[in-house]
Structures are given as C-alpha cells and as structure tokens.
Visitor: 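I have a structure I would like to understand better, so I am pasting it below and will then ask my questions one at a time.
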Amino acid sequence: MHVAIIMDGNGRWASRRGLPRSAGHVEGAKTVCAVVAAAARAGIETLTLHAFSAANWARPPAEIDALMHLFRRFFVAETPRCVERSIRIDVIGRRDRLGKGLLSAIERSELLSAAGSRMHLRIVLDYSSRDSIVQAAARADRIATLAPEDFYRLLDEVNHCALSAAPVDLLIRTGGEKRLSDFMLWEVAYAELHFTDCLWPDFDEQRLQIALDDYANRQRRFGALTARTG
Ligand code: FPP
C-alpha cells in the first residue's frame, strides 16, 4: 500500500500559540518521525511525504533557511534509525537548487538505507508535479509508443527517484484545505483522498489509523462496476 501525505498546518499551529512559524516546522519534523514509525508499524509499504514544493521558494528567506536546516537535521538524525528499522529513504524532486550540505546528507541517507525492505520512505523536496509531467512529456516525445508504465519511468527519472513506487492508494492532507497543490497529479489518478482539519504537528498514530480505516471502508472500482480490494 502506498500512502502519500500533504503535511499542512505547521504555520497555523505556531501562530495559534503566538510562536514563530519556524516553531511549527520544528514540531512538524517531530511529527514526521512519529508518523514514519507508525506507518512502518501499520505495514504501509510506501510512504511519500510532501515536505517542500517548488512554489515554497516564494516564502521568506528566513523560513526557507529554517526548513532546509530541519531537512538536513532530519536526514542526519533519522538515517541510523531508518537503517535499524529497514526503512529505505529516497528523496523525490529537483536537486539542483538544494544546498551542498543538504544534498550530501540526502545522498548519504539514500546510500546507507538502500537495502531497507520494510518500508520505502519518500521525502518530497523542491517538487512540482506539473513541472515533472512537462519534463517527462518532453522526454516521452522521443519514444514512438508509450504505455502509462513507461511514463512512470520517465517521471521517476526527472524526479531522481531511484526505486519506482506503485501509484498512490491513499492521499492524506492535513490542515483543513481540500486541494492537491500540484502534488503527484499523475500518481494519484485513482487514489482515495482523506482530508482532515488536524494541523500537521497534531497528527499522530491514532489519526493515521483513522485515515487507514476510512480507506479500508472505501470501495475502489478503478472505473469498473465491481469493487476491487485496494
Ligand atoms: C506546510 O505547512 C508545511 C510545509 C511547507 C513544510 C513541511 C515541513 C515539515 C512537516 C517539517 C519538516 C519535514 C521533514 C521531512 C523533516 P504551512 O507552513 O504551509 O502551514 P500553514 O498552512 O498553517 O501556514
């Protein structure tokens, strides 16, 4: 099963407490660690977490710096834990605009965790689904006949995704908004959508289970008439 999460609401979580937005991101990073562990316990095979979109570069430089610092810290601190739990880490998105320190932390994480087979953790950084599709389409232009699976492969290539993932089965968005925000538009074609008002720093194992229970009660038909189990 492939679960993807748009982690929204860090800023509001902080503002409601009179704290700077970066404090919400710090708390959000703690939630990431807890949810990764919970997802592995729940038997999720692939977990894709949307951490930074290409559009997020428009945020104030101080907030971007705080986020980049958090990402780097996450890869350094969490890699040994992921290796211990057999979780493979991959980073999806553009790499040419990331700082050198973050980039080497990412490459180290990917290398050290590559043998992980219990769960595939995909952290999405500097990512735009529409840009990826446009780039993959440009590459596809050179191929005479193209199946959807081939297009997946091209998308993986443009997003530096070393290990292909199955299409998303369940997309969760926290923070109350009900939109996709240019996230995995191709990969969520038949995903079930679960929106929750819970702000990301408040998301936890119990709320993940609520989303999984919601998914288990959906009838997935993939356009046909009889339900197929997801
Ligand atoms: C959206 O909330 C969240 C982000 C742009 C950043 C996501 C980052 C984290 C969850 C923390 C670190 C992640 C990792 C992988 C270590 P927002 O700031 O837009 O919240 P708002 O809608 O309330 O303003």
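When a ligand or atom number is given, it counts from 1 through the structure's own listing order.
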Visitor: So if I count the atoms of ligand 1 from 1 in the order they appear, which ones are less than 4.0 Å from some heavy atom of R12?
Guide: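 Numbered from 1, ligand 1 contributes 21 (P), 22 (O), 23 (O).
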Visitor: Ligand 1 and G11, any nitrogen or oxygen pair closer than 3.5 angstrom?
Guide: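 Among all N and O atoms of G11, at least one is under 3.5 Å from an N or O of ligand 1.
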Visitor: Using a 4.0 Å heavy-atom threshold (strictly under), name the region of N56 that reaches ligand 1: side chain, backbone, both or neither.
Guide: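 Near ligand 1, N56 shows its side chain, while the N, CA, C and O stay back.
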Visitor: Going by the order shown, which atoms of ligand 1 are within less than 4.0 Å of some heavy atom of R21?
Guide: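 What qualifies from ligand 1 is 17 (P), 18 (O), 19 (O), 24 (O).
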Visitor: Pairs of nitrogen or oxygen atoms closer than 3.5 Å, one from E63 and one from ligand 1: do any exist?
Guide: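 No; every N/O pair is 3.5 Å or more apart.
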Visitor: Does one hydrophobic cluster hold both L199 and L67, with members joined at side-chain heavy-atom distances below 4.5 Å?
Guide: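 No, because L199 and L67 fall into different hydrophobic clusters, even though each may have its own neighbours under 4.5 Å.
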Visitor: Please say whether D8 places an N or O atom under 3.5 Å from an N or O atom belonging to ligand 1.
Guide: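 Yes, there is a polar N/O contact under 3.5 Å.
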Visitor: Would you indicate whether the side-chain heavy atoms of I123 and F71 approach each other to under 4.5 Å?
Guide: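 A side-chain contact under 4.5 Å is absent here.
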Visitor: Of all the atoms in ligand 1, which lie at a distance below 4.0 Å from a heavy atom belonging to W200?
Guide: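 Ligand 1 atoms under the 4.0 Å threshold to W200: 10 (C).
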Visitor: Which heavy atom in T46 sits nearest to a heavy atom in A165, and how many Å separate them?
Guide: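 Smallest interatomic distance, heavy atoms only, reads CG2-CB, 4.0 Å.
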Visitor: With a 4.5 Å cut-off on side-chain heavy atoms, are W200 and E27 touching?
Guide: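 Answer no - side chains too far apart.
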Visitor: If you measure from each heavy atom of G9 to ligand 1, is any distance below 4.0 Å?
Guide: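 For ligand 1, residue contact (heavy atoms, under 4.0 Å) with G9 is present.
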Visitor: If we only count heavy atoms from C-beta on, is the H120 to R122 side-chain gap below 4.5 Å?
Guide: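 In short, these two side chains touch, coming nearer than 4.5 Å.
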Visitor: Is there any N or O on N10 that sits under 3.5 Å from an N or O of ligand 1?
Guide: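 Indeed, backbone or side chain, N10 has an N or O that close.
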Visitor: Of the protein's non-hydrogen atoms, which lies at the shortest distance from atom 3 (C) of ligand 1, and what is that distance?
Guide: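 Sorting protein heavy atoms by distance from atom 3 (C) of ligand 1 puts M7 O, 3.2 Å first.
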Visitor: Quick one: side chains of residues 170-179, donor-acceptor pairs under 3.5 Å with protein atoms, not counting sequence neighbours, listed by atom name and distance.
Guide:
residue	atom	partner	partner atom	Å
R173	NH1	R179	O	2.7
R173	NH1	S181	OG	2.8
R173	NH2	D8	OD2	3.1
T174	OG1	D8	N	2.9
T174	OG1	D8	O	2.8

Visitor: If you round to the nearest 0.5 Å, how far is CG of L19 from CH2 of W13?
Guide: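 Atom-to-atom, W13:CH2 and L19:CG are 6.0 Å apart.
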Visitor: Counting only heavy atoms, tell me which of A51, G24, G28, A66 gets closest to atom 4 (C) of ligand 1.
Guide: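 Result: the heavy atom closest to atom 4 (C) of ligand 1 is in A51.
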Visitor: Mark the output for R59 as yes if a heavy-atom distance to ligand 1 is under 4.0 Å, and as no if none is.
Guide: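 Distance cut 4.0 Å: R59 passes for ligand 1.
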Visitor: Quick check: do Q209 and Q206 have side-chain heavy atoms less than 4.5 Å from each other?
Guide: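 Side-chain contact under 4.5 Å: no.
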Visitor: With sequence neighbours left out, write down each residue that passes side-chain hydrogen bond (donor to acceptor under 3.5 Å, both in side chains) with W57, or none if nothing qualifies.
Guide: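 Scan of W57 (side-chain hydrogen bond (donor to acceptor under 3.5 Å, both in side chains), adjacent residues dropped) gives D126.
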Visitor: Ignoring hydrogens, just give me the one of F71, W13, F74 whose non-hydrogen atom is nearest atom 12 (C) of ligand 1.
Guide: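 It is F71 that holds the nearest heavy atom.
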